[in-house]
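Remarks on the structure that follows.
Keep in mind it's a predicted model, so treat the numbers as computed, not measured.
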2 protein chains.
Amino acid sequence: MKKNLTLKQIAKELEVSVSTVSKALKNSEEISESTRQKIQAFAKLYNYKPNNIALSLKNRKTKTIAVIIPEIVHHFFAMVISGIESVANKSGYNVIICISNESYEREVINIEMLASGSIDGFIISLAKESQEKKDYHHIKEVINQGMPVVMFDRVTREVYTDKVIIDDVLATQEAIQFLLSKQRKDIAFITTPDYISVGRLRTEGYTKMLLQNDIEINEDLIVRIANEEELITQLEHLFDTQKFNALVAVNELYAVAALKIALKRGIKVPDELNIIGFTDGIISQHSTPAISTIKQNAFKMGEISAKLLINKLEEENEHEHYITEVIGTELLHRETTSL
Amino acid sequence: MKKNLTLKQIAKELEVSVSTVSKALKNSEEISESTRQKIQAFAKLYNYKPNNIALSLKNRKTKTIAVIIPEIVHHFFAMVISGIESVANKSGYNVIICISNESYEREVINIEMLASGSIDGFIISLAKESQEKKDYHHIKEVINQGMPVVMFDRVTREVYTDKVIIDDVLATQEAIQFLLSKQRKDIAFITTPDYISVGRLRTEGYTKMLLQNDIEINEDLIVRIANEEELITQLEHLFDTQKFNALVAVNELYAVAALKIALKRGIKVPDELNIIGFTDGIISQHSTPAISTIKQNAFKMGEISAKLLINKLEEENEHEHYITEVIGTELLHRETTSL
DNA sequence: GTGAAAGCGCTAACAC
DNA sequence: GTGTTAGCGCTTTCAC
């Protein structure tokens, strides 16, 4: 139960001053070769490690960044974190992860807690509830304090800061275009309520593309899932009441649920029904048939978010100049689309 | 770009001393009602927040705990984290997550980095490589320094500390017993090499149970996956060369891969082949047919790990007394087992 | 070459 | 009631 060694202790032990020890360990020219060696040897022997907290207090930086995500048991977010971790570690940063659990309150608490000194910057994806409330004062506040913030995926126009997103409208349009090119014009669309930015944008891509092709929008083909518990019921209702030969879902959970219902009803996939999901996660990969999907490059999204943040943290002159990076997507054909 | 307010600044502004401010904000009886109110009002107005780093340095505790896991894009670990987060937050602790990426080196680096002051305690699940190397000096070292450590799932006998595990042997035995009770005696077993503790224990459960029932072990029915890239090849080989009417896999990835191959070969599941996996994740839930599984209660595992750690952190008298909590499992029947 | 001293932001024992 | 002081562990300027 030996406590961690401090400079003071080394100094005492070696009968020199604290500052000498500090300099010697930094290999400062000021200190004579011999004392330097003596001190370094001692420090090594007793495995001296500088206390990070003291360094943070002194330097006014903690070398850690915080990630606030709505949910972790989710392939997309797990991949983003993986990407963040990977670049953060390379630059010597630690990563703190906090889960808002889609709750506005938890988002606020986490951010306020961390904002007071514990971290150097935030990477945030908004909780559903915050988007619903449209209340972003907590984020604006930390930005005002001069703390860099990067938002990804679930972002909002109301906050000025760096953002990393995919072009949801375009990505959806590409998927719809593909289906249309195969003469599949009755396309069901499973999405979220419009207050979720990504859901809204994807729905926009869907309607835009149909209109561009002079196809009338059938509102009954658009299913908005507000509550995941009603996912199955709402999908069953869709299958009961509508005719369609293709289906696009804004995430893989909705896609696989739809696939499952189709299979149960003996609908042949992909012959009678094409299915395209979003998020290239393990569900899509491992279902049978494997689901064709719009790949969002979550890992890359994490990497870029972290890079943007670290750039802001390390650049000298802080010009107020924010960018929004748009990550490319790709349509990945597997077994639920017919080529 | 206002920097964070400090006690000093408040003191100056209000022409009192720093300690008066400190006490006033703590509602100390020592300070007169009027100055207390004045100071509190001012602090509130300018949104004063104490600097966590300074507090940590002072108190020698950071109120944050670190979780080191091998992999985050994995339902089991994501759920464990969720559980840890949930109890940590309730007790006012922050959670730092670091990913060892199954690498011994990254595990060592992360632990050493955090051990120097940044955190109060660790929750660790070992990287494959560390288990392979059997090198745990980095963990023993932090424990020696007096830092509490809780290990979960991938643990080792060589380190004395609190642990949270499932009874892998027993859990596997129950699965095997179920299959035997249905007269399925040719059971393939997809596992990891023996240096992964959970793989070894589950294999032990498998052989034990068969022997208990006087069934000879057919080594060719046991497939050890050392490298996930060869998963498919090895499984194909199994299906090519062996006859079996049941299959148990030590994780859901192996289970779904086996299911997929079976389906491709036109083998009827569950009629001709029963499949049971470990880990009740989204893969098992959403595959068609949905995979029966041994549920590990990952969330609970996280909760208990966090509780054990926080107890250690907050108890006064530190008696060297370690416990190993065994979490119950349950066999969850879905569509790949016949009842 | 080496060391004393100040300071990062906060607390607490001890004066006054 | 309020303020002074020392100290958490470290760095850095400035004396010696």
Side-chain angles (χ1 to χ4, degrees), chain A residues 2-40 42-43 46-63 113-120 145-147, chain B residues 2-40 42-43 46-63 113-120 145-147:
Chain A
K2 49 176 189 234
K3 273 287 152 219
N4 264 333
L5 199 56
T6 69
L7 287 191
K8 201 173 168 184
Q9 288 164 30
I10 301 184
K12 195 172 161 197
E13 208 65 42
L14 264 38
E15 298 184 308
V16 290
S17 81
V18 176
S19 52
T20 306
V21 179
S22 171
K23 287 171 193 160
L25 290 177
K26 298 206 120 52
N27 243 320
S28 159
E29 295 291 320
E30 271 182 67
I31 307 298
S32 74
E33 185 62 28
S34 68
T35 33
R36 236 190 292 169
Q37 294 221 331
K38 187 175 66 180
I39 291 172
Q40 291 186 2
F42 186 92
Y46 291 102
N47 191 26
Y48 168 76
K49 298 256 176 47
N51 179 313
N52 284 330
I53 293 291
L55 287 179
S56 299
L57 184 57
K58 187 77 189 161
N59 303 333
R60 273 86 167 309
K61 56 176 77 159
T62 61
K63 279 282 197 178
M113 181 171 200
L114 293 170
S116 26
S118 317
I119 60 144
D120 296 343
Q145 275 172 32
M147 174 146 332
Chain B
K2 50 177 188 230
K3 272 286 151 222
N4 263 333
L5 197 56
T6 69
L7 287 191
K8 202 173 167 183
Q9 289 165 31
I10 301 183
K12 194 172 162 196
E13 208 65 43
L14 262 40
E15 299 184 307
V16 290
S17 81
V18 177
S19 56
T20 306
V21 179
S22 172
K23 286 172 192 158
L25 291 177
K26 297 206 124 49
N27 242 321
S28 158
E29 295 292 319
E30 274 182 65
I31 308 298
S32 75
E33 185 61 29
S34 66
T35 34
R36 236 190 293 170
Q37 295 221 329
K38 187 175 64 181
I39 291 172
Q40 292 185 2
F42 186 91
Y46 290 102
N47 192 25
Y48 168 76
K49 298 255 176 50
N51 179 313
N52 284 331
I53 293 291
L55 286 179
S56 298
L57 184 58
K58 185 77 190 161
N59 302 332
R60 273 86 168 306
K61 56 176 74 159
T62 61
K63 278 284 198 177
M113 179 171 203
L114 293 170
S116 26
S118 317
I119 59 145
D120 296 343
Q145 274 173 33
M147 172 145 336

Expected output: side-chain B:Thr62 to main-chain B:Ser118 donor-acceptor under 3.5 Å: yes

NZ/A:Lys61: more than 12 non-hydrogen atoms of other groups inside 6.0 Å: no

First and last nucleotide of DNA chain D, 5' to 3', lying under 4.0 Å from heavy atoms of chain B: D:dG1 to D:dG9

Side-chain (B:Asn52) to main-chain (A:Met113) donor-acceptor, under 3.5 angstrom: yes

NZ-OG distance between B:Lys63 and B:Ser56, expressed to the nearest 0.5 angstrom: 11.0 Å

Contact summary for A:Gly117 and B:Asn51, nearest pair of heavy atoms: CA-OD1, 4.4 Å

Non-hydrogen atoms of A:Thr20 and A:Ser17 that approach each other most closely: OG1-OG, 2.9 Å

A:Ser116 OG to A:Gln145 CD distance, which is reported to the nearest 0.5 Å: 8.0 Å

Over all atoms of both residues, closest heavy-atom pair of A:Ala24 and A:Gln40: O-NE2, 2.9 Å

Near-strand residues of residues 47-56 of chain B, defined as heavy-atom separation under 4.0 angstrom from DNA chain D: none

B:Lys58 NZ to A:Ile53 CD1 distance, which is reported to the nearest 0.5 Å: 14.5 Å

Outermost nucleotides of DNA chain C that come under 4.0 Å of a non-hydrogen atom of chain A: C:dG1 to C:dG9

Non-hydrogen side-chain atoms of A:Ile10 and A:Glu13 separated by less than 4.5 Å: no

A:Lys23 versus A:Glu30, closest heavy-atom pair with distance: NZ-OE1, 3.4 Å

Minimum heavy-atom distance between A:Tyr48 and A:Leu7, given as atom pair plus value: OH-CD2, 3.4 Å

Flag if over 12 foreign heavy atoms under 6.0 Å of CD, A:Glu33: yes

DNA chain C-proximal residues of residues 18-25 of chain A, any heavy atom under 4.0 Å: A:Ser19, A:Thr20, A:Lys23

pair B:Asn47-B:Leu5: side-chain heavy atoms closer than 4.5 Å: no

Along DNA chain D (nearest heavy atom to each residue), the more 5'-positioned of B:Leu57 and B:Ser17: B:Ser17

Any residue of residues 28-37 of chain B with a heavy atom less than 4.0 Å from an atom of DNA chain C: none

Euclidean distance, B:Phe42 CZ relative to B:Thr35 OG1, rounded to 0.5 Å: 14.5 Å

Residue pair A:Val18 / A:Ala11: nearest heavy atoms and the distance that separates them: N-CB, 3.8 Å

Full working for side-chain contact (heavy atoms from CB on, under 4.5 Å) between A:Ile39 and A:Leu14: CA-CA 8 Å; A:Ile39 291 172; A:Leu14 264 38; 3.8 Å; yes

Angle of first-five versus last-five pair axes in the helix from C:dG1-D:dC16 to C:dC16-D:dG1, to 10 degrees: 60°

